[in-house]
A.B. asks: 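Pasting a structure below so you can have a look.
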Amino acid sequence: MGNPGKIGVPMMNLVRLKGVPILQQLHLEERLLRTSSHNWCIINDATNQPTIVMGVSGKPAELLEIESVLCDQIPVVRRFTGGGTVLVDPGTIFVTFICNKDAVAGVQPYPQPIMSWSGALYNKVFQGIGDFHLRENDYVFGDRKFGGNAQSITKNRWIHHTSFLWDYEFRNMAYLKLPARVPEYRLARGHLEFICRMKDYLSRSVFIDRTIEAAKTHFSVRSTDLEAIETTANTKFCPSTRLLTMQELEAAAKFASQSKVSLTQSFSL
Amino acid sequence: MMIGRRIFILQKRSFTSVRRFLCPYTSQAPNPNPSPAQGSASFRSAGSRSSILHVSPSCSSYTFVISFNVPYIAVNRSFFSSHAVADLPVGGIVDVPLAQTGEGIAECELLKWFVQEGDQIEEFQPICEVQSDKATIEITSRYKGKVAQILYVPGDIVKVGETLLKIVVEEAQVSTYVLENPTPTQEGLKNIKPCDSELTKNDICGVLSTPAVRNLAKQHGVDLNDVKGTGKDGRILKEDVLQYAFQKGSIKDPSASLTSASRRQFLGGEEDHPHPSGEVLGSYEDKTVPLRGFQRTMVKSMSMAAKVPHFHYVDEINCDALVELKSSFQNTNSDPDVKHTFLPTLIKSLSMALSKYPLMNSCFNEELLEVILKGSHNIGIAMATPSGLVVPNIKNVQSLSILEITKELSRLQLLALDNKLNPADICGGTLTLSNIGAIGGKFGSPLLNLPEVSIIAIGRIQKVPQFTDDGNIYPASIMTVNIGADHRVLDGATVARFCGEWKQFIEKPELLMLHMK
């Protein structure tokens, strides 16, 4: 169900946001994925405050340093797509593609083909700028990650969204545990040795402009604003992406400390 | 490309030797393209717990037995044909498997069901959502029919090809399907064997239970329809089946049949590694465990270590004085965060001995035929964590007090538990100590932690009878040690003398004071 703009090239609505809270962005994305029949590209240049975003089946006790998260009152969101946990903040740039399953020629609606397609798109974006690769499921310069991906594939559509580390704060790393599953290329590297900042390579505006240009090679891109979408919104739609409550986090903290106590007791000589 | 039409109407119920695929999306069978793409999605877990998602190491390991994406129908009366057939089966139970998602993913986590047993469903209706690695994926039904049985609950891990649910197909829905792949080979066709197992009442009954529970019921001759489920939504649990079987008189004691708790891991176990937790009574199927994280690292490091010519030197050390020293430390300890054990004293005395025998604390460069005598004594302590063997090291033991070593050891132990060890904690070790005795055993025969040239395995301190010179027996706390050494660098004499030196410091800890700076 592509809407051809130019002959044979489907239409894509481009929404440019700045500083929109990540929860609001994810609600929008989920709604567009599930209720719209158009193709969308959403770019959110920064989010307003540091927020932890877990994948659909993320468990706080396993992924987060809950005590610090509670103490510093960092909001924790569980999103509707798969994948891992990120801490997003004003240094993060988000780019999302929501497409009908046959919108992109030759790209089947499965995780890996979509991932490959996105890798090729960003290859164009970073041509001549850095040693860009799609490495397993991450975007890297060399062997350092600067972009993480997640997807959701429904009956007729798919979403592929990325959080780009344009900049990050070192102290924010402390909120996240070392994940249980890491890509092979990570080896034994801690956070700081594994990631890098996109700001060392290009400016925010250049990145965004180049991304839009790369999208234009696949779609006929037209700009839309948020207000236009929201006036036609399906008000019955209820997103699954949500903020975790304080009670949930406290319960997870309690569970985590109980597990630690029982494990520690078994280790003594 | 020739597009062929095939109708396969297969014998009996299921074909466990065959991969079966149900296109999750459309009537056209999309080609999920199993060829490896850039960066095959393999993951190494550096983390704490066993992963819930396992990804096969390469797409090439995921091969189609039948090289086309068509569903099959399992019906009561069936035959096999390569030609379009006029008379189609009138209906039956269809096993709906989890289709592969085109990237060699071997398993997915079931996130939620959109239907429940008894629901009428339409063709292409979404029936559930699964998660494979980075993606959530909606699975749709290829058939119109009624949901007969749901076989998994949200949170379960489902292997690709396993049956997700069973649908009663209302009418003949075996039709021709367009193939996008080349027609199947003769070999592929040969591999489709009829399955001998018959549909039992438990397979088509409308009760909620997992395959393992149904298997258990079969083992005990229990009809699940007669069992009251105590799980969520009336789900029948293992305990329900066992209780019912017990009441029926099939088994003696239901509690003895319940699964054992997952194994405990103990620090210092050098050969211990995680197992899939628990055993299900009556389920003796093979289980494939992909090696990840520390386990995977262990494969590589041990393979390399095996190439080094080792020799092992074994000795016994009298730990009476060590036991007394530890008690003394504990009695005078006022810090609740500090727990005194034997290891810190053993580590410190090891460092004292290394000062006299620096060759034991060296690294061997095979290419240059050089031995680097390391200035720092970075003693690695092998730890068995829930995700495998890891060896963090205590840096500069030569400059640390026993108390400082105790605290540092505790810090590393907690980090190892949480899987928060930094690369700095793991790198730079110069000698490894493996306290296999924490788990048990007399002593181990350790393999080197390359590029180190020696490794020490210490067994449990055991009270054994010893003889005095005049033939009297007295009890002594004896610990057996096994020093593994790189015979390209170290000879027996050096190791023996080193061990003697270390032994002296343990048996007479007051000597530590003599050398204290």
Side-chain angles (χ1 to χ4, degrees), chain A residues 55-57 59 62 65 80-84 101-102 108-116 119 133-138 148-160 177-193 240 256 259-260 262-264 266-269, chain B residues 25-26 30-33 37-53 101-105 109 111 124 126 131-138 140 155 264-268 292-293 297 339 341-343 383 386-387 413-414 417-420 422-424 426-427 435 438:
Chain A
V56 68
S57 60
K59 296 173 181 59
E62 289 177 9
E65 295 293 350
F80 65 102
T81 53
K101 66 174 180 354
D102 46 13
Q108 295 292 333
Y110 291 94
Q112 195 278 323
I114 298 166
M115 191 70 73
S116 287
H133 297 287
L134 167 66
R135 192 98 187 247
E136 296 180 44
N137 295 314
D138 299 333
N149 297 295
Q151 300 167 336
S152 182
I153 300 168
T154 64
K155 182 178 161 187
N156 293 313
R157 290 160 68 70
W158 52 262
I159 178 171
H160 177 99
K177 288 184 171 172
L178 208 63
R181 294 171 52 250
V182 294
E184 203 171 273
Y185 78 96
R186 181 169 182 151
L187 303 172
R189 292 182 281 167
H191 279 314
L192 296 180
E193 283 74 41
S240 62
S259 305
K260 192 186 281 192
S262 64
L263 268 175
T264 310
S266 72
F267 279 112
S268 56
L269 266 176
Chain B
Y25 301 115
T26 63
N31 174 6
N33 186 15
Q38 88 189 86
S40 66
S42 58
F43 285 80
R44 187 179 70 157
S45 166
S48 52
R49 297 127 194 103
S50 56
S51 304
I52 57 164
L53 290 181
T101 58
E103 59 184 274
I105 297 279
E109 180 190 356
L111 293 175
F124 313 129
Q131 182 182 215
S132 86
D133 198 18
K134 297 284 183 186
T136 65
I137 306 166
E138 270 184 17
T140 57
R264 296 289 190 88
Q265 302 289 331
F266 294 91
L267 272 175
R292 302 273 178 259
T297 309
K339 187 172 183 291
T341 59
F342 297 120
L343 256 185
M383 296 184 186
S387 20
Q413 283 167 347
L414 287 173
L417 264 178
D418 273 349
N419 262 302
K420 286 209 72 179
N422 296 315
I426 303 171
C427 299
N435 185 16

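Sequence lines set the chain letters: A, B, ... in the order given, protein chains first and strands last, and positions in each chain run from 1. Just so you know, these numbers come straight off a predicted model, no measurement behind them.
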A.B. asks: Got a second to check how far B:Asp133's CG is from A:Met115's CE, nearest 0.5 Å?
C.D. replies: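 Separation between the atoms: 7.5 Å.
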A.B. asks: Do B:Lys134 and A:Asp138 come close enough that some side-chain heavy atom pair is under 4.5 Å?
C.D. replies: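 Touching, per the 4.5 Å side-chain cut-off.
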A.B. asks: Write down the atom of B:Gln131, the atom of A:Gly83, and the distance for their closest heavy-atom approach.
C.D. replies: OE1-N, 3.4 Å
A.B. asks: Among A:Ser152, A:Ser240, A:Ser57, exactly one meets side chain to side chain donor-acceptor pair (under 3.5 Å) together with B:Thr136. Which residue is that?
C.D. replies: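 Per the side chain to side chain donor-acceptor pair (under 3.5 Å) rule, the option paired with B:Thr136 is A:Ser152, out of A:Ser152, A:Ser240, A:Ser57.
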